[in-house]
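In what follows, a single structure is set out as structure tokens and then discussed.
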Amino acid sequence: MSNYLKHDDLPAPTPWDAYVLVTKEPPFSDKLMMFQVSMMSAAGMGNYGTAIAGSRDEILQQNIRNY
């Protein structure tokens, strides 16, 4: 999907491991991090659904569905 965005000169999201710190003690609990990741994933999927529903461009819809 990032190639598709970059081709149209749109900003692509950064990978999740771009700012990983090397520490022995976790700053947040695993349960909190799993909750945050699951909420962001659900919101992202909802955004894709909204984009498909609101777009009249069939090529964009096909690209989002095939992603």
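Residue indices begin at 1 and follow the sequence shown.
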Point to revise | Any residue meeting side-chain contact (heavy atoms from CB on, under 4.5 Å) with Thr23, in chain and number order, not counting sequence neighbours | key: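 With sequence neighbours excluded, Thr23 shows a side-chain contact (heavy atoms from CB on, under 4.5 Å) to Leu21, given in chain and number order.
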Point to revise | Asp8, CG atom: more than 12 neighbouring heavy atoms under 6.0 Å | key: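 Counting other residues, nucleotides and ligands, CG of Asp8 exceeds 12 neighbours.
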With a cut-off of 3.5 Å and sequence neighbours excluded, list every side-chain donor-acceptor pair involving residues 33-42.
from: Ser38; atom 1: OG; to: Met34; atom 2: O; distance (Å): 3.1
from: Ser38; atom 1: OG; to: Phe35; atom 2: O; distance (Å): 2.9
from: Ser41; atom 1: OG; to: Val37; atom 2: O; distance (Å): 3.0

